[in-house]
Amino acid sequence: MTPLVAPHIEAVKPYVPGKPVEELERELGIRGAVKLASNENPLGPSPKALDAIARAANEIHRYPDAHAHALRVRLAAHHRIAPGELAFGCGSNELIDLVVRTFAGPSDHAVIGAPSFVCYGMSLRVANVPVTEVPLRHALYWDLDAMHAALRPNTKLVFLDNPNNPTSTHIARSALEAFLRALPASVIPVIDEAYFEFADASDYASALEMRKLHDRLVVLRTFSKAHGLAALRAGYAVASEAMVGYLDRVRAPFNVGTLAQVAALASLDDAEHLARYIALNQRERVRVSAALSAHGLSVAPSQANFLCVGLGRPAAPVYERLLRAGVIVRPFGPPLEKHLRISIGLPAENDRLLAALPQALASA
Ligand SMILES: *Cc1c(COP(=O)(O)O)cnc(C)c1O
């Protein structure tokens with residue numbers, strides 16, 4: 001009998017999400033577990049977004065606006081771009097997949113970093129696009145020279161995550177500019193800025209400022225992280241109108257729901273709420289980094305809302321012991337098997353982590 005799926009589908013490993021709080025509490029029979037595993041906004045969404053959802057709730061028997069007109073116009077003004085330069089997705093995750101399916105196939109080639117966001121490799125493998133994984137320096141810092149060296153004549157896509165998940169580190173403006181300038185015109189650079197709002201280094205710059213450097217540049221943003229709308233699934237891409245036109249041909253109709261559209265729009269109008277979270281994250285990022293360093297752990301310089309923490313020993317047992325203490329963080333496979341990714345939460349949640357850590361490390 002012919003196999004149910006092709007070998008390239010057989011080889012795909014399913015995405016492993018951060019463990020939900022409810023699941024851990026059920027397993028351990030405990031209450032009050034904290035989740036610092038999925039880089040979510042611990043303050044929750046803007047009250048304006050919640051109001052907008054409540055107002056729109058009695059319209060959900062109607063299909064959503066397939067072109068997200070109101071959100072599109074608002075975002076175009078926000079970024080000073082044409083409305084036609086925006087594509088929307090069910091989370092930026094869908095856009096990653098859409099970019100791959102729209103622009104690449106088995107005869108093309110793609111370059112990604114390792115470790116970087118796992119979904120790039122997953123989408124590419126599902127689409128049967130050959131992939132070169134370029135190691136980050138010390139598994140933590142982007143090596144754009146090596147990324148450039150990995151290009152082939154048929155390379156169609158390069159994914160860069162800036163700041164990078166799971167390492168929290170960023171690419172300096174000058175390095176990214178030089179990379180884009182040197183990139184052949186045929187390659188599509190996809191710069192994923194899911195953590196853009198948290199970056200405050202003086203040498204960090206959004207690729208939206210570099211659109212003149214490459215015609216095929218695609219920049220991805222999401223409402224899941226800083227805006228605290230992860231459950232609604234809203235993200236967008238900024239690209240040329242021609243590229244957006246092709247993405248529109250491939251995407252499913254109505255891929256972004258009404259509640260996601262209205263909440264995203266309202267969230268953009270609540271700059272104060274966003275600023276409050278960014279400030280909290282910045283403060284706690286410094287405080288938690290210092291406390292972890294004082295435990296002798298090596299904390300990568302973070303430009304995001306999470307830390308990549310080197311333990312100097314296998315991380316899995318420490319992860320397990322933190323779970324039993326009711327603290328959910330995120331372990332990774334090689335080359336980060338000695339690291340944990342720890343989201344920055346509310347001060348009390350971060351305190352729970354810091355309180356549980358000495359014992360989790362001691363028994364290792
Ligand atoms: C969280 C994340 C995303 C996307 O999230 P969506 O919820 O699908 O918008 C994209 N890229 C990176 C690097 C992320 O960490």
Side-chain angles (χ1 to χ4, degrees), residues 14-18 20 35-42 44-45 49 68 71 75 86-101 110 112-124 126 133 136 140 142 157-171 176 189-199 204 206-208 218-239 247 251-252 255-257 259-261 263-264 267-268 277 281 300 302-308 329-330 332 336 339 341-344:
Y15 180 80
V16 183
K35 185 184 178 198
L36 300 172
S38 298
N39 306 339
E40 295 149 337
N41 174 340
L71 179 59
L75 267 177
L86 286 161
F88 294 92
C90 177
S92 54
N93 243 300
E94 188 195 25
L95 288 159
I96 292 165
D97 203 54
L98 209 49
V99 164
V100 169
R101 287 194 292 129
I112 62 177
S116 184
F117 190 43
V118 289
C119 293
Y120 311 143
M122 288 181 69
S123 286
L124 289 162
V126 167
E133 292 191 19
L136 272 64
L140 292 176
W142 281 108
L157 286 166
V158 175
F159 281 92
L160 289 172
D161 190 1
N162 188 31
N164 186 41
N165 176 10
T167 65
S168 79
T169 52
H170 74 291
I171 304 167
L176 186 54
V190 183
I191 316 296
D192 183 348
E193 298 183 342
Y195 300 97
F196 154 80
E197 292 90 342
F198 306 106
Y204 177 85
S206 166
L208 287 180
V218 177
V219 180
L220 301 181
R221 294 280 180 93
T222 179
F223 288 94
S224 297
K225 306 285 159 58
H227 284 276
L229 299 176
L232 286 178
R233 318 301 305 124
Y236 60 98
V238 177
L247 293 170
R251 76 175 169 97
N255 59 333
V256 184
L259 302 185
Q261 292 184 30
S267 192
L268 285 169
Y277 172 36
N281 183 69
S302 173
Q303 285 291 293
N305 64 344
F306 59 90
L307 302 174
C308 185
V329 297
R330 193 72 167 267
F332 285 88
L336 288 182
H339 288 71
R341 194 191 70 189
I342 304 177
S343 304
I344 300 294

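Both counts, for ligands and for their atoms, begin at 1 and track the order of listing.
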Element-labelled atoms of ligand 1 that are located less than 4.0 Å from some non-hydrogen atom of G91: 6 (P), 8 (O), 9 (O)

Close approach, F223 and ligand 1, non-hydrogen under 4.0 angstrom: no

Geometric cation-pi criterion R221 and F196, 6.0 Å radius, 45° cone: yes

Any G235 heavy atom less than 4.0 Å to ligand 1: no

Closest approach of any protein heavy atom to atom 11 (N) of ligand 1, naming residue and atom: D192 OD2, 2.6 Å

Heavy-atom pair of closest approach, residues R233 and S224: NH1-OG, 3.4 Å

Residue N165 vicinity, atoms of ligand 1 by number, heavy atom under 4.0 Å: 13 (C), 14 (C), 15 (O)

side-chain contact (heavy atoms from CB on, under 4.5 Å) assessment of D192 paired with I96: CA-CA 9 Å; D192 183 348; I96 292 165; 4.0 Å; yes

Closest protein heavy atom to atom 9 (O) of ligand 1, given as residue, atom name and distance to 0.1 Å: T222 OG1, 2.5 Å

Aromatic ring proximity Y277/F198, centre distance under 6.0 Å: yes

Distance-minimising heavy-atom pair for K225 and N39: CD-O, 3.2 Å

D161 side-chain N/O to N165 backbone N/O, donor-acceptor pair under 3.5 Å: yes

Atoms of ligand 1 close to D161 [distance to a heavy atom under 4.0 angstrom, numbered from 1]: 13 (C)

Nearest non-hydrogen protein atom, atom 5 (O) of ligand 1: S92 OG, 3.6 Å

Minimum-distance protein heavy atom relative to atom 15 (O) of ligand 1: Y195 OH, 2.6 Å

Residue, atom name and distance, where the atom is the protein heavy atom closest to atom 8 (O) of ligand 1: R233 NH2, 2.7 Å

Nearest candidate to atom 1 (C) of ligand 1, where distance is taken over non-hydrogen atoms, out of R221, K225, E193, E94: K225

Within the 6.0 Å centroid threshold, strictly below: F306 and Y195: yes

Interatomic spacing from CG in N305 to CG in L36 - rounded to 0.5 Å: 10.5 Å

